[in-house]
2 protein chains.
Amino acid sequence: MTSALDIVFAALADPTRREILRMLLEDDMAVTDVAEPFAMSLAAISKHLAILAAAGLISQEKRGRVKWCKLEPDALRAASVWMQSFGQFEPVNLDAFEAFLAQELHLPTDPEL
Amino acid sequence: MTSALDIVFAALADPTRREILRMLLEDDMAVTDVAEPFAMSLAAISKHLAILAAAGLISQEKRGRVKWCKLEPDALRAASVWMQSFGQFEPVNLDAFEAFLAQELHLPTDPEL
DNA sequence: CGCATATTCAACCGATTGGTTGACGATCTG
DNA sequence: CAGATCGTCAACCAATCGGTTGAATATGCG
């Protein structure tokens with residue numbers, strides 16, 4: 001029953017993992033380089049990266065013996081949408097969501113998706 | 001060292017707590033009424049509410065013997081700002097909305113979509 | 001007062017989390 | 001090939017999490 005939102009929010013709830021995401025915002029990085037600024041073992045960082053990857057927040061590609069980590073910001077989209085439903089569309093109930101969805105059908109789809 | 005962001009994201013990482021927030025979006029509720037639809041003890045819900053309150057996502061005011069719970073959506077702002085730094089996520093994204101409806105509200109997919 | 005209602009507290013439990021260390025497989029390099 | 005580097009795996013640990021139950025604390029009511 002654990003939804004994607006569970007996993008994404010849980011992944012974001014750790015400051016080390018958020019800092020890793022911030023680092024990856026600037027450029028792709030190897031696991032060892034991700035670990036370098038942190039005062040913890042490489043294995044610990046490797047676990048954090050696995051959690052971020054499981055949440056879809058990063059992707060990892062192995063080239064040679066180096067595993068490159070790449071930010072995947074689209075994974076934040078569902079979480080962002082969930083949060084927006086509280087601020088911007090108040091009051092939001094199920095009917096409002098459905099009405100909103102119907103209204104959005106007339107808008108062009110983002111081609112980058 | 002645990003930042004406000006840690007606490008907010010951790011609070012959001014539980015489906016019971018997200019459902020509580022969704023319920024409170026419609027109206028303020030007493031603790032007992034919040035607990036009613038869930039298949040768990042009142043004490044468990046009381047704990048969940050304490051976690052939401054600690055994150056600032058709800059406020060609780062006792063009137064008589066009833067403790068009223070009120071959504072405080074402003075607490076989502078810091079988290080939202082953090083996420084926006086990774087790219088602008090249109091809150092009105094159709095795909096994300098479909099995912100949201102399917103996962104969180106357990107609605108059948110509209111065949112016309 | 002005496003009882004029901006609303007909520008929390010305290011103790012406990014099993015599962016998960018975030019970290020460690022040491023061994024290991026895989027890959028590059030001299 | 002031998003040795004160094006990259007990263008994960010496995011076992012372990014203390015702390016936290018999400019739940020339970022039963023007792024306790026307020027508060028409202030007849």
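Values below: all heavy atoms of this structure, side chains included; hydrogens, waters and symmetry mates excluded. Just so we're on the same page: letters track the sequence lines, and every chain starts at 1.
The CE atom of B:Met29 sits 11 Å away from the P atom of C:dT7 (whole-angstrom rounding). The interatomic distance linking A:Met40 (CE) with C:dG18 (C1') rounds to 8 Å, in whole Å. Between A:Leu49 atom CG and C:dG18 atom C1' the separation is 14 Å, expressed in whole Å. For the pair B:Asp14 CG and C:dA15 P, the computed distance is 18 Å after rounding to whole Å.
Within the 4.5 Å cutoff, no side-chain heavy atoms of A:Gln60 are placed close to those of A:Lys62. Annotation: side chain of B:Thr16 is in contact with side chain of B:Met40 (closest heavy-atom distance under 4.5 Å). By the 4.5 Å heavy-atom criterion applied to side chains, B:Met23 and B:Pro37 are counted as neighbours. Taking 4.5 Å as the limit, some side-chain heavy atom of B:Phe38 sits within range of a side-chain heavy atom of B:Glu19.
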>> One character per nucleotide, please: for nucleotides 21-30 of chain C, 5' to 3', B when the base has a protein heavy atom closer than 4.0 Å, S when only the sugar-phosphate does, - otherwise.
In response: B-----BB--
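Protein chain A contacts DNA chain D over a range whose 5' and 3' limits, counting nucleotides with an atom under 4.0 angstrom from a non-hydrogen atom, are D:dA4 to D:dA11.
Cluster membership for B:Ile51 and B:Leu71, using ILVMFWY side-chain heavy atoms within less than 4.5 angstrom, is not shared. When hydrophobic clusters are built by joining Ile, Leu, Val, Met, Phe, Trp and Tyr residues whose side-chain heavy atoms come closer than 4.5 Å, directly or via intermediates, A:Ile7 is not grouped with A:Leu21.
If you find the closest nucleotide of DNA chain C to A:Ile51 and to B:Asp33, the one lying nearer the 5' end belongs to B:Asp33.
With rounding to the nearest 0.5 angstrom, the NE2 atom of A:His48 is 4.5 Å from the CG atom of A:Asp14. To the nearest 0.5 Å, atoms CH2 (A:Trp68) and CG (A:Leu24) are separated by 11.0 Å.
In this structure, B:Arg18 contributes its side chain and B:Leu12 its backbone to a donor-acceptor pair below 3.5 Å.
With B:Cys69 as the partner, the side-chain contact (heavy atoms from CB on, under 4.5 Å) test is satisfied by one option alone out of B:Leu52, B:Asp33, B:Leu49, B:Ile45: B:Leu49.
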Please produce a list of atom pairs where a protein N or O lies less than 3.5 Å from an N or O of nucleotides 11-14 of chain C.
none

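Heavy-atom minimum distance, A:Ala55 versus A:Ala11: CB-CB, 3.9 Å.
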